[in-house]
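Since the structure comes first, as structure tokens, the remarks are kept for the end.
Throughout, protein chains are lettered first and strands after them, A, B, ... in sequence-line order, and every chain is numbered starting at 1. Computed from a prediction, not measured in an experiment: that's the story for all the values here.
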Amino acid sequence: MSELEKSYNPKGVELKWYEYWMSGNYFVADPGSKAEAFSIVIPPPNVTGSLHMGHALNTTLQDILVRWKRMKGCNVLWIPGMDHAGIATQNVVERQLSSEGLDRHWMGRDAFIARVWKWKEEYGGRIIHQLKRLGASCDWSRERFTLDNGLSKAVIEVFVTLYEQGLIYRDNRLINWCPRCHTALSDIEVEHEELEGKLTHIMYPLEDGSGSVVVATTRPETMLGDTAVAVHPDDERYEDLIGKKVSLPLTGRKIPVVADAAVEREFGTGAVKVTPAHDFNDEAIAKRQEPPLDSVTVIGPDGRMTAEAGARYAGMDRYECRKAVISDLKEAGLLVKQEKHTLSISQCYRCKTVIEPLSALQWYVKVGPLAREAVKAVREGRIRIIPRTWENTYFAWMENINDWCISRQIWWGHRIPAWYCGGCGDVIVSREAPAKCGKCGGTALRQDEDVLDTWFSSALWPFSTLGWPESTEELRTYYPTSVLVTGFDIIFFWVARMAMMGIKFMKDVPFSDVYIHALVRDASGQKMSKSKGNVIDPLIMMEKYGTDAFRFTLAAFAAQGRDVRFSEERVEGYRHFVNKLWNASRFILANTGDVELPQTFDAGDLDIGSKWILSRLAVTADDVNSALGDYRFNDAASSVYQFTWHELCDWYIEMAKPVLYGESFGKEAVKVCLLYLLDCTLRLLHPFMPYVTEEIWQTMKGGKAAAGDGRKGESIVIADYPLSLPGYDEAETEMGLIMEAVTGVRTIRGELNLAPSLELSVYIKTLSEKTGDVLRKNLTYLAKLAKARIIEIGVEVKKPRGAAVAVRTFSEVYVPLEGLLNIEMEIDRLKKEEAKVEQSVAFLNKKLLNEDFLKRAPKDVVLKEREKYEECLKRKERIQENMRKLHEAGGRK
RNA sequence: AGGCUCGUAGCUCAGGGGGAGAGCGCUACCUUGACACGGUAGAGGUCGGCGGUUCGAAACCGCCCGGGCCUACCA
């Protein structure tokens, strides 16, 4: 046995054990194993990412589950990996290029992609190291990247298959365009933000000069592309106008007034300008007209006005143009007014640039049929979403889903496997690059320039990482995966799409459970963000408090369905817990050097205290196992915390001391028991605090704690998890009597401000012989824990003169304080106690007098309340009796 | 506009139809041979407000007030 330092210092320890685990291959899965499979795929962090609180929580929860299942003997696989993060990564590298005065268009596609790969090799692994630092026990031999060869093959297979089945198609329609990233985005990649803006009222004169119509808009610059004014068909104000033409200001173009039921009569003037090329609603109105309205594109992909906007505006930035349009309208006398108006703007989720709806030819996935299956899987319980409230979110989205725009006009990603024939214009979608056009035989083929949405490859993650489209042993053993652990922010992006693709291509759900955890916020409930400056860096937390304390904090905070408001003080508190465990271990190891840890442990005829703590251990193990089984991480954490600190340390270790230091005959048994408890506690705690538990466990005799057979002694990582241990009800009851007496003495000591070092003489009157027997049998404990000399115990014990008293449920504790006792103080104490009991008596009395209660409450509840009442009443009388004696002694009434 | 969620001790949060819990902070006493990152004993709460269901509500239901989030085409 080696010596442990006086306090736990995580520095050095963590790296040491992580390397030990890696070299021992404890995290490497064996697909051939017959044990029950438990598999998780990690939500792949972006290759550009670095560890933030969200990752830390997500990874910690997964690691707790994975380590727990591994210790329970499951065949565990946790697949790690990264996402190529198309737009985000391209942005990072482009920024780097621009600082060097370079530009991707100038470099060309191949050189640019080579550059991104180089960037990935240099910087892309950062988050992986950080996950390891957190203790993540992933099978790193199976690490994947969404752009590696195997996954790329899966992507092509899925794309081509969906195309062949008519579930992928190409269409020209309005899309969300980011003028900065220069690409189309799907609907969910657009964020909405409320903003104080202006509603501009503009007058459109009628062509025939008979009047005018006023429209209201939040985007005046788009008027240059108007092709109609729409009013509600039943709006009497505008009845006569429908079918007439107005003259579009600043352009002179003649455009019709049309009717459409989507126009809100109450909003603005009730007349809407229609710009089909730059607004989704307007596009819809245009399509409904017979014949459909024209579309005039006045804003280009770069966010600048096109030639069609007119010579005066062409080339202007869209916001610059807005100012120009307003001032021109004012000059023309057509600007009616501008009023304040809150509007919601759409912005790119990657760069926050305001989205410009543009018409373009893009690839789409027809999601309807896929979504229906994915909804069915949840409704039928083949996928369980936990907590269940998230099911609503999932259903609501799935049932109103639009087709998924999957093409992106960037270079970093999976290039779309479609070729266009220069001869006949045919489209060829193929797994391999075709040599010639199948239709006309032409060889002038050009591959589609676009790449796929990053989330397209993420959607395949649960089976592509297991080797699909090959038929692998991994797929057979580990698919469907057991649980997906993720945040609610990517239910649409990821969870829903994995469900769709898994069911489509594997004919089975990708995961049985989806555990949705909270978002980590700061202590005041704000979302953490760089711009708010309220970001807490997990790496700094680990550095300051150690990984184990940090992980334990996250687990303790992870209550279902609630956001995590992270507070550093809690981490500090749990660092104290780590240290407590460390010191308890130090004590146990220092006092048990001469005994062996048994393979199996039989409490046999151990003393009450030992049986009691073993019983508490059993209850705790049950609690932890069932809490983890229900994803109640916080319950699991608090249960094991409570046991370790307040039962093992506060009571049992203190009880063990007189035995260890004395010459009592039970010494050996207590030593063995302590060692066994330490071993179990460490194993119980290991999933939460992997490092410190391994460090202590390895320090235990020969590093072979609870070795068992095979390799189990090598590391706590693969030791057995405590489960189904024996309990001892009688010991728990009897221990309750001892604790009651002890706290009685302590309360007197505390409330009368008697020094802890002062040894008190104590008399205990018990209400029954049996209680007396139990206490007498445990005199050593009583004496040590109460720091007292126990003079007498029994039913017949009389209160000595000038004694302080604690009236307990099963006993009365007397502490004679000849000369020391301040009678008034003592009477105040008893009065306080009496008041408390009196409250209970009154409450219970009222309840028991209530006939409805007696009649309608369950029998056992009534019985219990009656017992409680009797008990309180008796106790009250005993308190009063003691007070009376005190009054007599003090000579006052 | 709809939907979800939260309001419990000074702070951060658990709990959840039969007399309010934790951590930190606070008060008093204590360096007792694991630990002052410690020990013992305390103080502290009309469980957001109002109604309802119930023998019984902090918990279940409705409304209101106050936070937060998500979805949606009101230009």
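- Closest non-hydrogen pair, A/His232 versus A/Ala261, comes out as CD2-O, 3.4 Å.
- At a cut-off of 3.5 Å, with distance as the only test, no side-chain donor of A/Tyr781 or A/Glu654 sits close to an acceptor on the other residue.
- Taking each heavy atom of A/Arg237 and A/Gly270 in turn, the nearest pair found is NH2-CA, 4.0 Å.
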Which protein N or O atoms sit under 3.5 Å from an N or O of nucleotides 73-75 of chain B?
unit_1	atom_1	unit_2	atom_2	d
B/C73	O4'	A/Asn281	OD1	3.1
B/C73	O2'	A/Asn281	ND2	2.5
B/C73	N1	A/Asn281	OD1	3.2
B/C73	O2	A/Asn281	OD1	3.2
B/A75	OP2	A/His341	NE2	3.4
B/A75	O2'	A/Ala216	O	3.3
B/A75	N6	A/Glu264	O	2.6
B/A75	N6	A/Phe267	O	3.2
B/A75	N1	A/Glu264	N	3.1

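- Considering every non-hydrogen atom in both A/Trp582 and A/Glu5, the closest pair reads NE1-O, 2.8 Å.
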Verdict with reasoning, A/Phe267 to A/His341, per ring-ring contact (aromatic ring centres under 6.0 Å, His included): CA-CA 12 Å; A/Phe267 188 88; A/His341 179 66; 5.6 Å; yes

Under 4.0 Å protein heavy-atom contact, by nucleotide of nucleotides 41-46 of chain B - B base, S sugar-phosphate only: SS----

Working for side chain to side chain contact (heavy atoms under 4.5 Å, CB included), residues A/Cys649 and A/Lys580: CA-CA 8 Å; A/Cys649 292; A/Lys580 186 76 180 176; 3.7 Å; yes

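- When the C1' atom of B/U40 is taken as reference, atom CG of A/Leu760 falls 12 Å away, rounded to whole Å.
- Between A/Val640 and A/Thr620, the shortest heavy-atom contact is CA-CG2, 4.0 Å.
- Using a 4.0 Å heavy-atom cutoff across all strands shown, A/Tyr641 reaches sugar-phosphate atoms only and no base atom.
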What does the list of N/O pairs under 3.5 Å between the protein and nucleotides 30-34 of chain B look like, with a distance for each?
unit_1	atom_1	unit_2	atom_2	d
B/A34	OP1	A/Lys657	NZ	3.3
B/A34	OP2	A/Tyr661	OH	2.5
B/A34	O3'	A/Arg586	NH2	3.1
B/A34	O2'	A/Asn583	OD1	2.6
B/A34	O2'	A/Arg586	NE	3.2
B/A34	O2'	A/Arg586	NH2	2.6
B/A34	N7	A/Lys657	NZ	3.2
B/A34	N6	A/Glu654	OE2	3.0
B/A34	N3	A/Asn583	O	3.1
B/A34	N3	A/Ala584	N	3.2

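- Across all strands shown, B/G21 forms a Watson-Crick or G-U wobble pair with B/C13, both key distances being under 3.5 Å.
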Can you name the atoms? Protein N/O to nucleotides 5-8 of chain B N/O, anything below 3.5 Å, with the distance.
none

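- Considering every non-hydrogen atom in both A/Arg749 and A/Ala755, the closest pair reads NH1-O, 2.9 Å.
- Judged as a salt bridge (Lys or Arg N to Asp or Glu O under 4.0 Å), the pairs with a partner in residues 634-651 of chain A (not counting sequence neighbours) are, in order, A/Arg616-A/Glu647, A/Arg632-A/Asp635.
- Closest approach of A/Pro220 to A/Thr200, counting heavy atoms only: CG-OG1, 3.6 Å.
- Among the protein residues, A/Glu865 comes within range of the sugar-phosphate backbone only, with heavy atoms under 4.0 Å from sugar or phosphate atoms but none that close to a base.
- Comparing the C1' positions of B/C65 and B/G16 gives an interatomic distance of 23 Å, to the nearest angstrom.
- For the residue pair A/Glu196 and A/Thr342, no side-chain donor N or O sits within less than 3.5 Å of a side-chain acceptor on the partner.
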Protein-to-nucleotide contact annotation, 5' to 3' order, nucleotides 52-62 of chain B [B base; S sugar-phosphate only; - none; under 4.0 Å, heavy atom]: ---B-------

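- Checked by atom type, the side-chain pair A/Asp226/A/Tyr204 shows a donor-acceptor distance below 3.5 Å.
- Here the options are A/Phe395, A/Phe488, A/Phe492, the test is ring-ring contact (aromatic ring centres under 6.0 Å, His included), and the partner is A/Trp390; only A/Phe488 passes.
- With A/Phe557 as the aromatic partner, A/Arg570 meets the cation-pi criteria of under 6.0 angstrom to the ring centre and within 45 degrees of the ring axis.
- Set against B/C37, B/G19, B/C70, the side chain of A/Phe492 has B/C70 as its closest nucleotide.
- At a threshold of 4.0 angstrom between heavy atoms, the contacts of A/His646 are confined to the sugar-phosphate backbone, with no base atom among them.
- Within the nucleic acid shown, A/Phe557 comes within 4.0 Å of sugar-phosphate atoms alone, with no base atom in reach, counting heavy atoms only.
- Side-chain polar atoms of A/Glu339 and A/His201 form a donor-acceptor pair below 3.5 angstrom.
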